[in-house]
Amino acid sequence: MSTPSPRIPYGEADFRRIRLNQWLYVDKTRFVRPLKNESYAFLIRPRRFGKTCWLSLLQNYYDRNGADEHEAIFGGTDIGRNPTESRHRYVVLRFNFSAFDDALETLQERFEEYCQLRLRHALRRNRDLFSTEAEQLIRSPNSITGQLNELFAYVGEHGIPLFMLVDEYDNFANTVLAHHGEKAYRPLTHGGGFYRNFFATLKAGTEQSHGGLERLFITGVSPITMDDVTSGFNIGSNISLRTEFNELLGFTEAEVRSLLALYQERGVFGQDVDAVLDVMREWYDGYRFAKATANSVYNTDMVLYFLKESIANGSMTDELIDANVRIDYGKLRHLLIVNRQLNGNFDQLQELTAEQQVSCDVQRSFPLEELNQPENFLSLLYYFGLLSFRGVERGMPRLAIPNQMVKQLMYGYLRACFRDAGVVSVNLFQFSRLVRDLFQFSRLVREMAYDGAWRPALEFLGSAITDQTTLRDYLGSEKVVQGFLAAYLNVTNYYQFHSEYELNKGFADIFLEPILALFPDLPFGYVIELEYLKRSDDLNERRLAAARQEADIQLRQCLQDERLPQRYPEVRFIGLIVVFHGWQLVACDAIDEVAEQRQAP
């Protein structure tokens with residue numbers, strides 16, 4: 001009789017529930033040990049990396065009421081085999097601010113109600129330490145800040161160790177910022193705002209010399225709110241960029257391989273592990289959260305999503321991006337568009353999607369009003385998981401887009417920016433001027449992939465650019481045009497989109513690499529050379545012929561790369577020459593067509 005496969009806890013964040021039900025768990029408990037020396041710690045990680053589950057782990061490990069379940073929950077784990085002396089020592093008070101919406105009128109009231117509920121729950125779970133009289137004393141003030149002050153004073157006087165956990169500390173402040181703007185955000189986080197007062201109270205609790213708030217762990221996705229509410233995180237250690245915590249959240253490749261092998265051994269995952277890992281590495285790996293580390297991690301959510309969907313389907317899922325991992329565009333939009341005008345941050349995002357990397361220091365904290373500084377905006381993209389460390393160049397950290405999934409997300413943000421700013425809106429349900437609304441644009445890409453019919457898709461995009469006059473202000477270089485093409489050619493998953501891809505000791509501007517693991521019958525791939533002629537330069541036959549010839553030479557060199565027939569023996573790679581004169585597409589040809597034109601009398 002075969003051993004049943006452990007349930008994949010996709011979407012689960014309750015550590016106790018996962019362990020008691022014996023669901024799949026990748027052991028991260030070893031990181032409890034180095035954290036024991038960090039009394040007040042602050043960790044930033046992107047969404048869907050497992051922050052909430054980590055706080056649940058800390059709660060279950062340190063809560064004084066959990067000692068009876070210690071073996072059931074932590075048995076067999078690293079920390080269970082070698083526990084620290086402070087396990088199950090604390091009264092734990094945990095807040096999670098992820099559920100607040102953007103209704104300003106009732107925000108403070110709901111914040112007070114929620115926080116007081118969590119405090120009341122903690123007091124009642126520890127009745128042996130807090131008598132009825134003590135609870136009444138602590139809860140006598142009307143505000144949560146007043147009640148916390150009473151709590152800190154009481155536990156300090158009675159030697160009661162208190163551990164506070166704050167999850168998604170920045171979520172509702174960022175939600176307010178995204179939906180109501182800076183005018184609504186500032187009163188929360190500056191002056192006498194209730195949220196600023198909350199964190200000022202925590203800071204005061206950590207400064208008591210005789211107990212009080214003994215330990216504090218805070219998580220979020222950006223440092224902006226913390227800088228605003230505390231004038232910088234000066235109440236503890238920001239461990240976000242430290243090498244020793246690089247793998248605290250996320251999965252290493254060895255861990256991912258072991259998961260694939262486990263489900264293969266249990267007979268529920270019938271795919272070749274190495275082939276699947278090749279796809280997962282391209283799409284989900286590449287996150288490095290410390291400048292000096294050489295080790296990358298996979299996105300936690302995406303690995304679990306991929307396993308769950310692939311096992312359910314009986315084959316590798318062709319939907320490689322889980323909708324839940326997408327950063328809410330609304331929370332990024334206000335950083336890119338002001339009064340329906342694309343700002344300098346958008347220019348950086350657009351350039352980044354073309355270059356794929358940038359040299360920049362990651363700032364540990366910065367207030368909202370300084371977000372227009374390039375290093376701060378790029379740092380925010382790092383914290384969101386859209387950039388990751390990729391070595392050091394001339395003494396400066398190099399940040400790069402970590403994987404194909406993030407590339408797809410960023411191209412989507414560009415499309416949304418173009419649309420929302422009224423710059424350009426390519427109708428993805430439009431086939432051509434004569435048969436609008438009959439076919440989706442993705443069908444053009446599908447025909448490009450399966451029929452080799454590349455011209456309609458590229459000419460359609462060229463027409464879209466030419467027709468949208470407001471886009472012309474943003475087309476000032478080949479890289480910008482390349483970024484626009486990338487944003488729309490990525491509406492399907494047939495190809496991995498590479499820019500400046502090395503082939504045969506040369507570099508292709510665009511390499512559309514077939515994803516054969518998902519589409520094994522896909523017959524066409526593409527190598528594209530993009531030539532850009534400035535609008536200020538007159539267009540003539542000589543200049544156009546020179547651009548075509550230069551692209552033709554480069555393409556023929558790239559297509560001679562011996563790896564192409566070795567890795568893709570059944571795929572025909574077509575070399576395409578695409579020439580823009582400013583915003584106008586003036587040439588769109590395959591290299592064989594160019595050769596035929598030269599030979600014609």
Side-chain angles (χ1 to χ4, degrees), residues 3-39 41 43 45 48-96 98 118-119 121-129 160-168 214-219 239 244-245 247-252 254-256 258-259 262-263 266 297 300-301 303-304 307-308:
T3 305
S5 303
R7 173 175 167 177
I8 297 170
Y10 170 77
E12 294 283 349
D14 186 334
F15 182 76
R16 177 179 179 272
R17 176 176 160 89
I18 291 171
R19 294 293 294 164
L20 292 181
N21 285 286
Q22 298 183 351
W23 295 341
L24 179 69
Y25 174 64
V26 175
D27 191 2
K28 297 290 183 178
T29 61
R30 67 187 184 276
F31 291 101
V32 171
R33 206 166 287 108
L35 273 176
K36 68 180 182 179
N37 297 322
E38 302 296 341
S39 297
L43 177 69
R45 285 293 183 268
R48 311 296 292 187
F49 256 83
K51 297 187 295 296
T52 299
C53 187
W54 173 253
L55 261 65
S56 179
L57 182 156
L58 293 179
Q59 178 181 10
N60 281 277
Y61 184 76
Y62 285 110
D63 193 332
R64 60 189 296 273
N65 293 299
D68 292 344
E69 291 185 319
H70 179 86
E71 183 58 30
I73 295 177
F74 290 96
T77 65
D78 182 272
I79 201 67
R81 291 187 292 270
N82 186 20
T84 64
E85 68 282 355
S86 57
R87 67 188 185 278
H88 307 302
R89 177 176 182 267
Y90 295 91
V91 170
V92 176
L93 178 57
R94 180 179 173 186
F95 298 100
N96 186 335
S98 64
R118 299 306 303 163
L119 174 58
H121 177 72
L123 294 175
R124 291 178 179 176
R125 276 179 51 83
N126 294 276
R127 280 292 193 191
D128 57 322
L129 298 179
I160 300 173
L162 178 64
F163 196 146
M164 183 179 292
L165 303 169
V166 181
D167 193 10
E168 301 289 353
E214 191 171 305
R215 297 193 64 179
L216 172 66
F217 195 97
I218 301 176
T219 72
I239 66 171
E244 64 183 315
F245 297 114
E247 298 170 15
L248 188 155
L249 301 179
F251 297 147
T252 65
E255 290 168 340
V256 175
S258 69
L259 295 181
L262 170 66
Y263 286 97
R266 300 292 170 88
V297 293
T300 307
D301 173 272
V303 170
L304 297 180
L307 279 172
K308 180 176 179 290

Subject >> Test of ring centre spacing under 6.0 Å for Tyr25 and Phe15 >> reply: yes

Any chance you could measure [X], atom [atom1], to [Y], atom [atom2], to the nearest 0.5 Å?
X	Y	atom1	atom2	result
Ile8	Leu304	CD1	CG	7.0 Å
Ile79	Arg30	CD1	CZ	11.5 Å
Leu24	Leu262	CG	CG	7.0 Å
Asn60	Glu69	CG	CD	7.5 Å
Arg87	Lys36	CZ	NZ	12.0 Å
Leu35	Tyr61	CG	OH	11.5 Å

Subject >> Asp68: salt bridge (Lys or Arg N to Asp or Glu O under 4.0 Å) partners, not counting sequence neighbours >> reply: none

Counting N and O atoms only, with roles assigned by atom type, does the side chain of [X] sit under 3.5 Å from a partner on the main chain of [Y], one being a donor and the other an acceptor?
X	Y	answer
Arg125	Ala122	no
Asn21	Trp23	no
Tyr90	Gln59	no
Asp167	Ser98	no
Arg94	Leu165	no
Thr84	Arg33	no

[Y] side chain reached by [X] side chain, heavy atoms, under 4.5 Å:
X	Y	value
Val26	Val303	no
Met164	Leu216	yes
Leu259	Phe251	yes
Arg266	Pro6	yes
Thr77	Arg19	yes
Ile239	Phe217	yes
Phe31	Glu244	no
Leu57	Phe74	yes

List the atom of [X], the atom of [Y], and the distance in Å for their closest heavy-atom pair.
X	Y	result
Pro34	Phe245	CG-CE2, 3.8 Å
Arg16	Ile73	CG-CD1, 3.7 Å
Ala13	Ser56	O-CB, 3.4 Å
Lys51	Arg45	NZ-O, 3.2 Å
Ile18	Cys53	CD1-SG, 4.1 Å
Leu43	Leu249	CD2-CD1, 4.1 Å

**OP:** Verify side chain to side chain contact (heavy atoms under 4.5 Å, CB included) between Val91 and Arg64, making sure each step is shown before the conclusion.
**Re:** CA-CA 6 Å; Val91 170; Arg64 60 189 296 273; 3.8 Å; yes

Subject >> Ring geometry between His70 and His88 (parallel below 30°, tilted from 30 to 60°, perpendicular above 60°) >> reply: perpendicular

Subject >> Criterion side chain to side chain contact (heavy atoms under 4.5 Å, CB included) on Arg89 and Glu214, from CA distance to verdict >> reply: CA-CA 11 Å; Arg89 177 176 182 267; Glu214 191 171 305; 2.4 Å; yes

Original post:
Using 4.0 Å as the upper bound for N to carboxylate O, is an ion pair formed by Glu255 and Lys28?
Top reply: yes

